[in-house]
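All remarks here apply to the structure that follows.
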Amino acid sequence: MSTEFHSVDELRAAIGTHLGYSDWLEITQERVNQFADATGDHQWIHVDPERARQGPFGTTIAHGYLTLSITNRWLGSMLRVPAAKLGVNYGANKVRFPAPVPVGSRIRMGVEIIAVDDVAGGGQVTTRNTVELEGSDKPACVVEAISRFLF
């Protein structure tokens, strides 16, 4: 699902709007291992399936920051601002990881625009991005992400 906005005013008018959900994505051991290699975080709960079977989650789990990073994969396609000359990640207000993401599970993200502020040359948009874990009552990740769009 994709929603296009052409101005800061259009973004502001959408405060409180839920933009829908991404497609489901399976979290593979290969993806987790690649993230471990990229970050140097090779903790056994992420990369050692045999040891992880005996651990607290019964299997390997994705890094919380891998789950957070994947939100960027979806946000740019769900909230599009084609009239902007430039869009950048500006930061996050709050990030939480309420539930672990077991390898082999599927996640998707829902997006809601929660604030829009004027900045020099454009607008700053805060979204609440909620990563759902298929079959779980708890989300895997909730982040208030801040993006800036310059026109």
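For reference, positions follow the sequence shown, starting with 1.
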Can V125 and I113 be said to form a side-chain contact (heavy atoms from CB on, under 4.5 Å), step by step?
CA-CA 7 Å; V125 180; I113 297 175; 4.2 Å; yes
If you take all heavy atoms of P139 and T130, which pair is closest and at what distance?
CB-CG2, 3.8 Å
Any chance you could measure Q29, atom CD, to D48, atom CG, to the nearest 0.5 Å?
9.0 Å
Taking C-beta and beyond as the side chain, do T126 and N93 meet within less than 4.5 Å on heavy atoms?
yes
Sorted by chain and residue number, the side chain to side chain donor-acceptor pair (under 3.5 Å) partners of T67 (sequence neighbours excluded) come out as none
Can you tell me how far apart OG1 (T127) and CE (M78) are? Round to the nearest 0.5 Å.
9.5 Å
If you count every heavy atom of other residues, nucleotides or ligands that lies below 6.0 Å from E4 atom CD, does the total exceed 12?
yes
I need the L150 CG to Q124 CD distance, nearest 0.5 Å.
10.5 Å
Check whether any side-chain N or O of S136 sits under 3.5 Å from a backbone N or O of L133 as a donor-acceptor pair, and report yes or no.
no
Excluding sequence neighbours, so at least two apart, what forms ring pair (Phe, Tyr, Trp, His ring centres under 6.0 Å) with H63?
F35, H46
Under-4.0 Å salt bridge between R108 and E132:
yes
Flag the pair N33 / E30 as yes when at least one side-chain heavy-atom distance between them is below 4.5 Å, and no otherwise.
no
Could you see if L66 belongs to whatever hydrophobic cluster contains I107? Use Ile, Leu, Val, Met, Phe, Trp, Tyr and a side-chain cutoff under 4.5 Å.
yes
Would you mind writing out the side-chain donor-acceptor pairs for residues 7-17 within the sub-3.5 Å range, not counting sequence neighbours?
{"unit_1": "S7", "atom_1": "OG", "unit_2": "D9", "atom_2": "N", "d": "3.4"}
{"unit_1": "S7", "atom_1": "OG", "unit_2": "E10", "atom_2": "N", "d": "3.1"}
{"unit_1": "D9", "atom_1": "OD1", "unit_2": "R12", "atom_2": "NH1", "d": "3.1"}
{"unit_1": "E10", "atom_1": "OE1", "unit_2": "H6", "atom_2": "N", "d": "2.7"}
{"unit_1": "E10", "atom_1": "OE1", "unit_2": "H6", "atom_2": "ND1", "d": "3.4"}
{"unit_1": "R12", "atom_1": "NH2", "unit_2": "D118", "atom_2": "OD1", "d": "2.7"}
{"unit_1": "R12", "atom_1": "NH2", "unit_2": "D118", "atom_2": "OD2", "d": "3.3"}
{"unit_1": "T17", "atom_1": "OG1", "unit_2": "A14", "atom_2": "O", "d": "2.9"}

Sequence neighbours excluded, which residues qualify as ring pair (Phe, Tyr, Trp, His ring centres under 6.0 Å) partners of H18?
Y21
Let me check something: do I45 and I27 share a hydrophobic cluster, defined by ILVMFWY side-chain heavy atoms less than 4.5 Å apart, either directly or through other members?
no
Which other residues belong to the hydrophobic cluster containing Y90, where Ile, Leu, Val, Met, Phe, Trp and Tyr are joined when side-chain heavy atoms lie under 4.5 Å apart, directly or via other members?
I146
How far apart are the C-alpha atoms of R128 and V111, what are their side-chain angles, what is the distance that settles it, and do they pass the side-chain contact (heavy atoms from CB on, under 4.5 Å) test?
CA-CA 6 Å; R128 181 177 301 112; V111 177; over 6 Å; no
Can you tell me how far CD1 of I70 sits from CE of M109, rounded to the nearest 0.5 angstrom?
10.5 Å
Within the distance-only criterion (no hydrogens, no angle test), does the side chain of D41 pair as donor or acceptor with the backbone N or O of Q43 below 3.5 angstrom?
yes
If you take all heavy atoms of P102 and S105, which pair is closest and at what distance?
O-OG, 2.5 Å
Does the side-chain contact (heavy atoms from CB on, under 4.5 Å) test come out yes or no for V103 and T60, once each step is laid out?
CA-CA 6 Å; V103 166; T60 48; 3.2 Å; yes
Do E144 and I114 pass the side-chain contact (heavy atoms from CB on, under 4.5 Å) test, and can you show the C-alpha distance, the side-chain angles, and the key distance before you say yes or no?
CA-CA 8 Å; E144 288 183 8; I114 60 173; 3.9 Å; yes
Without swapping roles, check the side chain of S69 against the backbone of Y65 for a donor-acceptor pair under 3.5 Å.
yes
About how many Å separate CG of L75 and CZ of R80, when rounded to the nearest 0.5 Å?
12.0 Å
Flag the pair R106 / D23 as yes when at least one side-chain heavy-atom distance between them is below 4.5 Å, and no otherwise.
no
To the closest 0.5 Å, what do you measure between CG (L19) and CD (E112)?
8.5 Å
Do W74 and F5 share a hydrophobic cluster (ILVMFWY, side-chain heavy atoms under 4.5 Å, transitive)?
yes
Quick check on the hydrophobic clustering: are L79 and F151 connected, directly or via other members, by side-chain heavy-atom contacts under 4.5 Å?
yes
side-chain contact (heavy atoms from CB on, under 4.5 Å) partners for V95, two or more places apart:
L68, A92, F97, C141, V143
